[in-house]
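These numbers were taken from a predicted model, which means no experiment stands behind them. In what follows, chains carry the letters A, B, and so on, assigned in the order in which the sequence lines appear, proteins first and then strands, with residues in each chain numbered from 1.
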Amino acid sequence: MKIVTWNVNSIRAREERLLAWLKKEKPDVLCLQELKVTNEKFPYDLITEAGYYSAVHGQPTYNGVAILSLTEPEDVVCGIQDDEDDPQARLIEATVNGARIINGYFPNGKEVGSDKYEYKLRWMQRLSDHMERTTSPDKDVVLVGDFNVAPDDSDVADPNQWAGSVLCYPDTRKAYEKFLSWGFTDVFRKHNPDGGVHTWWDYRRLAFQRNNGLRIDLVLATKSMAERCVAASVDRDERKGDKPSDHAPVIVEFS
DNA sequence: ATGGTTGCTTAGCAA
């Protein structure tokens with residue numbers, strides 16, 4: 001089973017690329033973030049024509065997540081199931097081929113010390129609590145998405161430049177590591193232990209041309225799934241050419 | 001400290 005996570009930065013702006021990529025790669029599951037579209041305006045017909053089901057959690061202008069899959073997604077749940085009244089569409093999960101797929105668009109956090117950063121840390125804690133409540137590490141669970149976290153400096157082309165950023169700050173990494181101690185493995189890391197592979201390059205400052213990237217799009221798996229993980233890669237070519245997303249797809253295969 | 005670019009929506013926000 002091939003599972004992919006891809007922050008498309010607006011699904012409507014990326015329609016052509018998305019359909020070409022689906023046709024070429026034929027993933028079993030494609031988790032998308034930053035749809036920037038409402039459920040009403042989601043291009044269901046195009047996805048159906050491409051042979052995929054769509055489970056969608058959208059909102060106007062910002063955020064938005066979806067799970068596309070070749071077989072029908074079951075038990076779809078949108079949003080973190082807790083008491084907080086959160087209008088931001090950042091989480092969707094579904095069971096596909098017996099595995100629980102959890103797809104998150106973690107908050108960026110803007111700047112350390114800002115209200116948005118407080119929200120980022122709170123959202124990550126809420127997701128940790130959600131995992132505790134709704135599933136367990138002895139099940140087949142995969143948590144994927146744009147984490148807006150570079151787990152360590154080997155995931156950052158220029159660690160000095162990014163040291164104080166919300167993607168690398170120690171509190172950010174501490175919040176991320178709670179998912180590992182809960183029972184998740186970073187399966188991309190397992191297959192690329194040396195680091196230096198990136199998934200996001202800022203549109204600004206010619207970051208891609210200068211190879212100034214970070215690995216912030218991640219695939220975490222519970223033990224039973226991690227044991228079946230046979231390959232992991234980044235489709236760096238998808239960041240090239242006309243009108244790319246600023247993120248590249250991360251592809252992980254399970255036997 | 002600021003700027004650089006992209007997308008949604010059309011002035012300003014978010015990333």
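- Counting only residues at least two apart or on different chains, no side chain to side chain donor-acceptor pair (under 3.5 Å) pair has a member in residues 37-47 of chain A.
- Scanning for ring-ring contact (aromatic ring centres under 6.0 Å, His included) contacts around Tyr117(A) gives an empty result, with sequence neighbours left out.
- When the nearest nucleotides of DNA chain B are assigned to Leu35(A) and Tyr62(A) by heavy-atom distance, the more 5′-ward of the two goes with Leu35(A).
- Following rounding to the nearest Å, Arg205(A) (CZ) and dG3(B) (C1') show an atom-to-atom distance of 8 Å.
- Near DNA chain B, meaning a heavy atom under 4.0 Å from it, residues 106-125 of chain A has Asn108(A), Lys116(A) in order of number.
- In this entry the distance linking CD of Gln59(A) with C1' of dC8(B) reads 12 Å, nearest Å.
- The distance from atom CG of Asp146(A) to atom P of dA15(B) is 10 Å, rounded to the nearest whole Å.
- Phe208(A) comes within contact range of no nucleotide atom at all, as no heavy-atom separation falls under 4.0 Å.
- Here, dA1(B) and dT5(B) have their P atoms 23 Å apart, quoted to the whole Å.
- Note: CG (Asn9(A)) to P (dA14(B)) measures 15 Å, nearest angstrom.
- Trp162(A) has its ring centre less than 6.0 Å from the ring centre of Trp200(A).
- When hydrophobic side chains of Ile, Leu, Val, Met, Phe, Trp and Tyr are connected at separations under 4.5 Å, Leu218(A) ends up clustered with Ile80(A), Leu91(A), Ile102(A), Phe106(A), Tyr119(A), Trp123(A), Met124(A), Leu127(A), Met131(A), Val141(A), Leu143(A), Phe147(A), Val149(A), Tyr176(A), Phe179(A), Leu180(A), Trp182(A), Phe184(A), Leu220(A).
- We find that NZ of Lys36(A) is positioned 16 Å from P of dT5(B), with the value rounded to whole Å.
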Can you list, pair by pair, the side-chain donor-acceptor contacts under 3.5 Å of residues 248-255 of chain A, counting residues two or more places apart and other chains?
from	atom 1	to	atom 2	distance (Å)
Ser255(A)	OG	Arg228(A)	O	3.4

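- Residues from residues 15-23 of chain A placing a heavy atom under 4.0 Å of any atom in DNA chain B do not occur.
- Asp202(A) has its CG atom 8 Å from the C1' atom of dT5(B), to the nearest Å.
- Hydrophobic cluster membership for Tyr203(A): none, as no Ile, Leu, Val, Met, Phe, Trp or Tyr side chain comes under 4.5 Å of it.
- On the P atoms, dT6(B) is 23 Å away from dT2(B), given to the nearest whole Å.
- Note on Arg239(A): nothing from the nucleic acid sits closer than 4.0 angstrom, heavy atoms only.
- The nearest heavy atom of DNA chain B to Lys243(A) and to Asp246(A) marks one nucleotide each, and the one closer to the 5' end goes with Lys243(A).
- With contacts defined as side-chain heavy-atom distances shorter than 4.5 Å, the pair Thr61(A)/Lys36(A) does not qualify.
- With sequence neighbours excluded, the residues that form a salt bridge (Lys or Arg N to Asp or Glu O under 4.0 Å) with Glu227(A) are Lys223(A).
- Residue Arg14(A) places at least one side-chain N or O under 4.0 Å from the OP1 or OP2 atom of dG7(B).
- Each salt bridge (Lys or Arg N to Asp or Glu O under 4.0 Å) pair with one or both residues in residues 58-77 of chain A, not counting sequence neighbours, would appear here, but there are none.
- In this structure, the side chain of Thr199(A) does not engage the main chain of His247(A) through any donor-acceptor pair within 3.5 Å.
- In this structure, Asn63(A) places its CG atom 14 Å from P of dC8(B), rounding to the nearest Å.
- When the P atom of dT5(B) is taken as reference, atom CG of Leu206(A) falls 8 Å away, rounded to whole Å.
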